[in-house]
Amino acid sequence: MTDRTGSEPPVTGAKGPEELRQQIERTRSALGDTVEELAGKMDVKGRARARAADLRDKAGAMTVQLRSSAAQAGHTVHDKATQAGHTVQDKATQAGHKVQDRATQAGHQVQDRAALERRAEHSVPQPARPLVLAAIRHPRPVLIAGAALAAIIVVSWRYPKK
């Protein structure tokens, strides 16, 4: 019970012994092919081995691809971490420079005040010395009082009493 394909001529009676031999040979060949196909389908072990070999090849290819992807991701993460580290380092350096500049300015201000205090102790007369030293140590109240005094003087000079 084989399927007939359109390529085989229909079997009709042989017209001679040679043609009969050819038909027998074709039938044997077709039967042999059919038996090989059936044997191949029945060879479960062989098919399983072939399938396992295909799966091993695919797994090997996927392993190589995954390793490549992981290496690339690792390089990307390393590059980004390095870049972030440089950014943090630059910002820390800038902050350090700002702190250093402010500390230097504060140090200069302290030195200037100390120099003013030393000069005031030597050049200001004794009765006014505590007032001058207080003004050097706390300049804001003195500036506010001086501005108020200047405003009073300007207003009284501008609008004299009649």
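All heavy atoms count here, side chains included; hydrogens, waters and symmetry mates do not. Since we're looking at a predicted model, the values are computed, not measured.
- For the salt bridge (Lys or Arg N to Asp or Glu O under 4.0 Å) condition, no pair includes a residue of residues 87-112, sequence neighbours left out.
- Residue pairs satisfying the salt bridge (Lys or Arg N to Asp or Glu O under 4.0 Å) criterion with at least one member in residues 46-59, sequence neighbours excluded, are absent.
- Of the possible donor and acceptor atoms, none in the side chain of Ser68 sits under 3.5 Å from a partner among the backbone N and O of Val64.
- Through side-chain heavy atoms spaced under 4.5 Å, either directly or across other Ile, Leu, Val, Met, Phe, Trp or Tyr residues, Tyr159 is tied to Val155.
- Side chains of Glu25 and Gln22 form no contact here, defined as non-hydrogen atoms less than 4.5 Å apart.
- Of the listed residues (Leu131, Val132, Leu133), just one forms a side chain to side chain contact (heavy atoms under 4.5 Å, CB included) with Arg129, and that residue is Leu133.
- Once rounded to the nearest 0.5 Å, the distance linking CD of Glu18 with CZ of Arg21 reads 5.5 Å.
- Looking only at distances, a side-chain donor or acceptor of Thr82 sits under 3.5 Å from a matching main-chain atom of His78.
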### Task
Let me see the working for Gln109 and Arg113 under side chain to side chain contact (heavy atoms under 4.5 Å, CB included), right down to the final yes or no.
CA-CA 6 Å; Gln109 288 176 354; Arg113 282 188 184 168; 5.5 Å; no
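- Considering every non-hydrogen atom in both Ile153 and Ser156, the closest pair reads O-OG, 3.0 Å.
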